[in-house]
Amino acid sequence: MSVPSVLVHRDADVLAKAVAARLITGLADAQAAKGSAHLVLTGGGMGTATLAEVAATPARDAVEWPRLDIWWGDERFLPTGDAERNETGARGALLDHVDVDPDRVHPMLGPDAGVTAEESADRYAAELRRASRPEDHGPVPSFDILMLGLGPDGHVASLFPGMPALYDERPVVAVHGAPKPPPTRISMTLPTIRAAREVWVIAAGEEKAKAVHLALQESGPMQVPAAGARGRQRTLFLLDRAAASKIPPGLGRPASP
């Protein structure tokens, strides 16, 4: 796994704009190299704000949206269209405004599909397996960019400290009893996250500062799940100054004045 690099931006608004620009460049470069790309989205305030910034800039046209596979790192097990679903936020912020191929947008099923959370997880794992290629050397694609938010408790996706999902080797699992609502969720596991070429952990706000500090130290991923979120080629912690306020001096590199 790669050693994290830390980039610090002035505030949350600048961070969202900077991550959006980085995302457009990364996807365009991946498509230029391989013809297509795989992107894993995150929900939450910063994830949605970043997608809205992508939609707002004309530079978004650098991405060939029909040649992009879009996945989610986790999802709340709620009906399709529910305002709390990560998919709903992503569609409203970006996906409804660009020319994506509907067959290459891969949402996680909710209860309205007539499945249990476990069945939804199994079906998503099967969908990932179908999208993988021999060169991926595993049951999931080698995602070009996998975006993660960070909770104040150090959770990423729906992998919460001390919960059984952290020990699971399956690609995707159902999560029950999550400490923040809703309690039932679907999540990629750490082995799936680590299959990504690049993992980006995005965090803003002073309430995230302790979790950022722990995730960048020698913390165990069972206590601080973000400490286990690493990409095969690159790991970026993309932060605003408040979220970076507790990291050791010299660890973070200013990315904007």
Side-chain angles (χ1 to χ4, degrees), residues 1-30 32-33 37-57 59-60 62-63 73 90 93-94 142-157 190 193-219 221 224-257:
M1 294 187 294
S2 57
V3 175
S5 297
V6 181
L7 294 175
V8 182
H9 295 270
R10 183 174 65 244
D11 55 36
D13 289 341
V14 173
L15 175 63
K17 290 179 171 62
V19 178
R22 182 179 293 276
L23 182 60
I24 290 168
T25 300
L27 293 176
D29 287 349
H38 287 269
L39 169 66
V40 181
L41 298 179
T42 184
M46 283 308 306
T48 304
T50 295
L51 298 184
E53 292 293 346
V54 173
T57 175
R60 73 185 195 186
V63 178
L94 175 63
S142 297
F143 311 110
D144 295 282
I145 297 169
L146 187 147
M147 302 166 64
L148 293 169
L150 175 67
D153 59 355
H155 85 266
V156 289
L190 285 177
I193 290 170
R194 292 168 179 160
R197 292 186 172 91
E198 295 196 15
V199 168
W200 299 0
V201 179
I202 308 162
E206 189 175 358
E207 70 277 9
K208 307 293 181 72
K210 181 178 179 181
V212 168
H213 171 75
L214 292 173
L216 291 169
Q217 301 304 306
E218 295 300 320
S219 304
V224 185
R230 302 291 187 263
R232 289 192 294 108
Q233 295 178 3
R234 183 156 72 158
T235 303
L236 295 177
F237 274 67
L238 302 168
L239 313 170
D240 73 350
R241 288 177 181 169
S245 61
K246 293 185 184 302
I247 62 176
L251 182 58
R253 179 162 61 88
S256 62

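- Side-chain atoms of W200 and L23, non-hydrogen and from C-beta on, do get closer than 4.5 Å to each other.
- Contact detail for A62 and A28: the closest heavy-atom pair is O-CB, 3.6 Å.
- Taking all atoms of both residues into account, the shortest heavy-atom contact from P4 to R230 is CG-NE, 3.3 Å.
- How far OG1 of T235 is from CG of L146: 10.0 Å, rounded to the nearest 0.5 Å.
- Here CD1 of I145 is found 8.5 Å from CZ of R234. Values are rounded to the nearest 0.5 Å.
- Contact of the L238 side chain with the M46 side chain is not registered, since no non-hydrogen atoms from C-beta on lie closer than 4.5 Å.
- Summarising the geometry, atom NZ belonging to K17 is positioned 9.5 Å from atom CZ belonging to R10; distances are rounded to the nearest 0.5 Å.
- H213 is listed as a side-chain neighbour of P248, based on a closest heavy-atom distance under 4.5 Å.
- Shortest non-hydrogen contact noted between A203 and A243 is O-CB, 3.6 Å.
- Interatomic distance, K208 NZ to D153 CG, rounded to the nearest 0.5 Å: 9.5 Å.
- The line from CD of E207 to CG of L150 is 10.0 Å long, rounded to the nearest 0.5 Å.
- Under the side chain to side chain contact (heavy atoms under 4.5 Å, CB included) criterion, A242 pairs with E206, D240, sequence neighbours left out.
- Between the R194 side chain and the V199 main chain, no donor and acceptor come within less than 3.5 Å of each other.
- Distance alone, capped at 3.5 Å, places no donor-acceptor pair between the T42 side chain and the G47 backbone.
- A229 and V156 make their closest contact through CB-CG2, 4.4 Å (heavy atoms, listed as atom of the first residue, atom of the second, distance).
- In this structure the side chain of D144 reaches within 4.5 angstrom of the side chain of R197, judged on heavy atoms.
- Of all heavy-atom pairs spanning A211 and G151, the tightest one is CB-O, 3.4 Å.
- Scanning all heavy atoms of the two residues, the minimum distance from I24 to V63 falls at O-CG2, 3.8 Å.
- Scanning for salt bridge (Lys or Arg N to Asp or Glu O under 4.0 Å) contacts around R60 gives an empty result, with sequence neighbours left out.
- The shortest side-chain heavy-atom distance between P152 and K210 does not fall under the 4.5 Å cut-off.
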List the steps and the verdict of side chain to side chain contact (heavy atoms under 4.5 Å, CB included) for R22 and L236. CA-CA 11 Å; R22 182 179 293 276; L236 295 177; 3.8 Å; yes
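- Taken to the nearest 0.5 Å, the CG atom of L39 stands 6.5 Å off from the CE atom of M147.
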